[in-house]
Peer 1: 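Questions regarding the structure given below will be posed in turn.
Everything numeric in this text was worked out from a predicted model, so none of it was measured. Index from 1, following the sequence.
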Amino acid sequence: MKHVELVNGDLRFPALMAGDGEPVLLLHGFPDCHLNWVHQLEALAGAGYCAVAPALRGYAPGCLAPDGDYSLRAAVEDVCAFAHQLGGAVHLVGHDWGAAVGYLAAARSPELFLSLSTLAVPPLKRLPQAVLRVPEQLLLSAYMDFFQLPLVPEWVLRRNELAGVEWLWQRWSPDWDGGDYLANAQRALAEPGALSGALNWYRHLPRFWTAAHREARGWMARPIAVPTLVMLGRKDGCMSPRLLDHAVQARDFPAGLQVEQVSGAGHFLHLERPQRINELLLAHLAQTAVQTAG
């Protein structure tokens, strides 16, 4: 395991890297950090892959956007730049916001990605309609509106040494103690500018009038032409597993789709059930290799 740096323009993204071989890019979500992919990094390296887990835009001092652009388009451009830096053909894995970026990046530039694996977020294309058919999700997603407010979310989350981040973890992954993983996330978000950078992802969501938003919507409407694995925890307190009933359509994934609900896990399923997630992930990557060879 070593510390490296990925780049996009003037932005510098700290990352962890392990192993040699075909590259696998792992994207974290909120409120989380790149250090918490350690279980997957070790498993992937042990299986002969080169696994790389970068901080997302805004989550470290070197990758705070000087122009304030925390749109999904900007995040997708970061990931495509990472893919080019790693050789131009990578496996993509994303959790939470990282999953959302993964769907869009794979739809935008399928030639850059060998496979897609997502955790804790159903496919985006039909998700807005799915939310309307799962009323409980409107309540679960209420935090997103709150995070779009100016200043107040920072004040609430930062109180008592980022106790608000711990509250989110407990709500989204009930009956599980985040322990050192939670502490890692809190330390990352305590870095100068990081909490506001992370929250600015939410503040860009309602900017429907912008070119960045229109472009991301266009990508969301496309099929995803790489083999895809979708994983959700059965006890997820952030994204209802019932969304899968309405958000999943096999025809949106012409290269193949596998959906797995992971028992005994909530929103942070890669940390709660690392062995199971690693089994699913490695099997998916191996199957992708078989399909490619065939």
Peer 1: Does T288 use its side chain to pair, donor to acceptor, with the backbone of H284 at less than 3.5 Å?
Peer 2: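 Answer holds: yes.
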Peer 1: N36: what forms a side-chain hydrogen bond (donor to acceptor under 3.5 Å, both in side chains) with it, not counting sequence neighbours?
Peer 2: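 By the side-chain hydrogen bond (donor to acceptor under 3.5 Å, both in side chains) rule, N36 matches D32, N184.
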Peer 1: Find out whether L44 and L281 are in side-chain contact, i.e. whether some heavy atom of one side chain is under 4.5 Å from a heavy atom of the other.
Peer 2: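 The answer is yes, as the side chains (C-beta and beyond) meet within the 4.5 Å cut-off.
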Peer 1: Got a donor-acceptor contact below 3.5 angstrom from the R159 side chain to the G164 backbone?
Peer 2: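 No, the answer is negative, given that no donor and acceptor are paired below the 3.5 Å cut-off.
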Peer 1: Tell me whether the centres of the aromatic rings in W97 and Y59 are closer together than 6.0 Å.
Peer 2: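 Ring centroids of W97 and Y59 are no less than 6.0 Å from each other.
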Peer 1: Quick check: closest heavy atoms across T118 and V121, and the distance to 0.1 Å?
Peer 2: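 Smallest interatomic distance, heavy atoms only, reads OG1-O, 3.8 Å.
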Peer 1: Evaluate the criterion side chain to side chain contact (heavy atoms under 4.5 Å, CB included) for residue pair L64 and Y70; output intermediate values, then yes/no.
Peer 2: CA-CA 9 Å; L64 295 171; Y70 292 94; 3.9 Å; yes
Peer 1: Are Y202 and F208 linked, directly or through intermediate hydrophobic residues, by side-chain heavy-atom contacts shorter than 4.5 Å (ILVMFWY only)?
Peer 2: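 The answer is no; the residues belong to distinct hydrophobic clusters.
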Peer 1: Hey, could you give me the CD/OG distance between E77 and S71, rounded to the nearest 0.5 Å?
Peer 2: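 With rounding to 0.5 Å, CD (E77) is 7.0 Å from OG (S71).
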Peer 1: Does a donor on one side chain sit under 3.5 Å from an acceptor on the other, for E154 and S196?
Peer 2: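 A donor-acceptor contact under 3.5 Å links the two side chains.
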Peer 1: Strictly below 4.0 Å, N to O, side chains only: are E272 and R234 in salt-bridge contact?
Peer 2: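 No, E272 and R234 are not salt-bridged.
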Peer 1: Starting from M231, can I reach L116 by hopping between I/L/V/M/F/W/Y residues whose side chains sit under 4.5 Å apart?
Peer 2: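 As far as the 4.5 Å side-chain criterion goes, M231 and L116 are not connected within one cluster.
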Peer 1: Give the C-alpha distance, both sets of side-chain angles, the deciding distance and a yes or no for ring-ring contact (aromatic ring centres under 6.0 Å, His included) between W167 and Y143.
Peer 2: CA-CA 12 Å; W167 180 82; Y143 72 93; 9.2 Å; no
Peer 1: Could you tell me how the ring of H28 sits relative to the ring of H34: parallel (under 30°), tilted (30 to 60°) or perpendicular (over 60°)?
Peer 2: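 Aromatic pair H28/H34 classed tilted.
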Peer 1: Answer with yes or no whether the hydrophobic clustering places M17 together with F13; edges join I, L, V, M, F, W, Y residues whose side-chain heavy atoms lie under 4.5 Å apart.
Peer 2: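 Hydrophobic grouping puts M17 with F13.
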Peer 1: W169 side chain to P31 main-chain N or O, any donor-acceptor pair under 3.5 Å?
Peer 2: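 Yes, W169 side chain to P31 backbone: donor-acceptor pair under 3.5 Å.
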Peer 1: Under a 4.5 Å cut-off applied to non-hydrogen side-chain atoms, are L114 and L285 in contact?
Peer 2: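 When only atoms from C-beta onward are counted, L285 and L114 do not touch, as no gap falls below 4.5 Å.
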Peer 1: Which atom names give the shortest non-hydrogen contact between L257 and A250, and what distance separates them?
Peer 2: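 Of all heavy-atom pairs spanning L257 and A250, the closest is CD2-CA, 4.5 Å.
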Peer 1: Roughly how far, to the nearest 0.5 Å, is CZ of R207 from CD of Q148?
Peer 2: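 If I round to the nearest 0.5 Å, the distance is 9.5 Å.
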Peer 1: Output the distance between atom CZ (F147) and atom OG (S141), rounded to the nearest 0.5 Å.
Peer 2: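 F147 atom CZ to S141 atom OG measures 11.5 Å (nearest 0.5 Å).
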Peer 1: Mark yes when over 12 heavy atoms from residues, nucleotides or ligands other than D145 sit less than 6.0 Å from its CG; otherwise mark no.
Peer 2: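 Counting other residues, nucleotides and ligands, CG of D145 exceeds 12 neighbours.
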Peer 1: Would L119 and V93 satisfy side chain to side chain contact (heavy atoms under 4.5 Å, CB included), going step by step from the backbone distance to the final call?
Peer 2: CA-CA 8 Å; L119 299 98; V93 181; 3.9 Å; yes
Peer 1: Atom CG in L92, atom CZ in F82: separation rounded to 0.5 Å?
Peer 2: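 Going from the CG atom of L92 to the CZ atom of F82 covers 11.0 Å.
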Peer 1: How are the rings of H270 and H95 set relative to one another: parallel (under 30°), tilted (30 to 60°) or perpendicular (over 60°)?
Peer 2: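 Plane angle between 30° and 60°, so tilted.
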Peer 1: Search all heavy atoms of E5 against all heavy atoms of Q85 and return the closest pair with its distance.
Peer 2: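 Scanning both residues completely, I find the closest heavy atoms to be O-NE2, 3.4 Å.
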Peer 1: Determine whether a donor-acceptor pair (N or O, by modelled atom type, separation under 3.5 Å) exists between the side chain of H213 and the backbone of L205.
Peer 2: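 The answer is yes, because a donor-acceptor pair under 3.5 Å joins these two groups.
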Peer 1: Does L138 belong to the same Ile/Leu/Val/Met/Phe/Trp/Tyr cluster as L124, with side-chain heavy atoms less than 4.5 Å apart forming each link?
Peer 2: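 Linked, L138 and L124 end up in one cluster.
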Peer 1: State, yes or no, whether a side-chain contact exists between L269 and E260 at a heavy-atom distance under 4.5 Å.
Peer 2: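 Counting from C-beta outward, L269 and E260 never come under 4.5 Å.
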Peer 1: Is the shortest side-chain heavy-atom distance between V248 and P123 below 4.5 Å?
Peer 2: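 With C-beta onward as the side chain, the pair touches.
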Peer 1: CE/M144 to CZ/F30 distance, rounded to the nearest 0.5 angstrom?
Peer 2: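 So the gap between those two atoms works out to 10.5 Å.
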Peer 1: Nearest 0.5 angstrom please: F113 CZ to T228 OG1, how far?
Peer 2: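 Interatomic distance, F113 CZ to T228 OG1, rounded to 0.5 Å: 11.5 Å.
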Peer 1: Answer yes or no: is there a side-chain heavy-atom contact under 4.5 Å between R133 and R242?
Peer 2: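 They are not in contact (no side-chain heavy atoms under 4.5 Å apart), so the answer is no.
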Peer 1: Carefully, step by step, assess Q186 and E161 under the rule side chain to side chain contact (heavy atoms under 4.5 Å, CB included).
Peer 2: CA-CA 8 Å; Q186 289 172 315; E161 298 181 346; over 6 Å; no
Peer 1: Are L140 and D236 packed together at the side-chain level, in the sense that at least one heavy-atom pair is separated by less than 4.5 angstrom?
Peer 2: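 With C-beta onward as the side chain, the pair stays apart.
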Peer 1: Would L16 and K2 count as a side chain to side chain contact (heavy atoms under 4.5 Å, CB included) if you check the C-alpha gap in whole Å, the side-chain angles of each, and the deciding distance to 0.1 Å?
Peer 2: CA-CA 6 Å; L16 285 180; K2 58 184 177 180; over 6 Å; no
Peer 1: If Ile, Leu, Val, Met, Phe, Trp and Tyr residues are connected whenever their side-chain heavy atoms lie under 4.5 Å apart, and connections chain through other members, are V52 and L56 in the same group?
Peer 2: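 As far as the 4.5 Å side-chain criterion goes, L56 and V52 are connected within one cluster.
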Peer 1: With a 4.5 Å cut-off on side-chain heavy atoms, are H204 and D69 touching?
Peer 2: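 Answer yes - side chains close enough.
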Peer 1: Give a yes or no on whether E111 atom CD has more than 12 heavy-atom contacts from other residues, nucleotides or ligands under 6.0 Å away.
Peer 2: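 Enclosed.
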Peer 1: Is it the case that over 12 heavy atoms from other parts of the model lie below 6.0 angstrom from the CD atom of Q129?
Peer 2: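 For Q129, atom CD is crowded (more than 12 foreign heavy atoms under 6.0 Å).
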Peer 1: Considering only heavy atoms from C-beta outward, does the side chain of E42 approach that of V38 to under 4.5 Å?
Peer 2: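 Contact flag for E42/V38 side chains = yes.
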Peer 1: If every non-hydrogen atom of A185 is compared with every non-hydrogen atom of C33, which pair is closest and at what distance?
Peer 2: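 Closest approach of A185 to C33, heavy atoms only: N-SG, 3.9 Å.
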Peer 1: Grab the two heavy atoms, one from P122 and one from M239, that are nearest each other, plus how far apart they are.
Peer 2: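 Minimum heavy-atom separation between P122 and M239: CD-CE, 3.7 Å.
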Peer 1: Which atom names give the shortest non-hydrogen contact between A216 and L104, and what distance separates them?
Peer 2: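 Closest approach of A216 to L104: O-CD2, 3.7 Å.
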Peer 1: Does any donor atom in the side chain of S115 or H91 lie under 3.5 Å from an acceptor atom in the other side chain?
Peer 2: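 The answer is yes; a qualifying pair exists.
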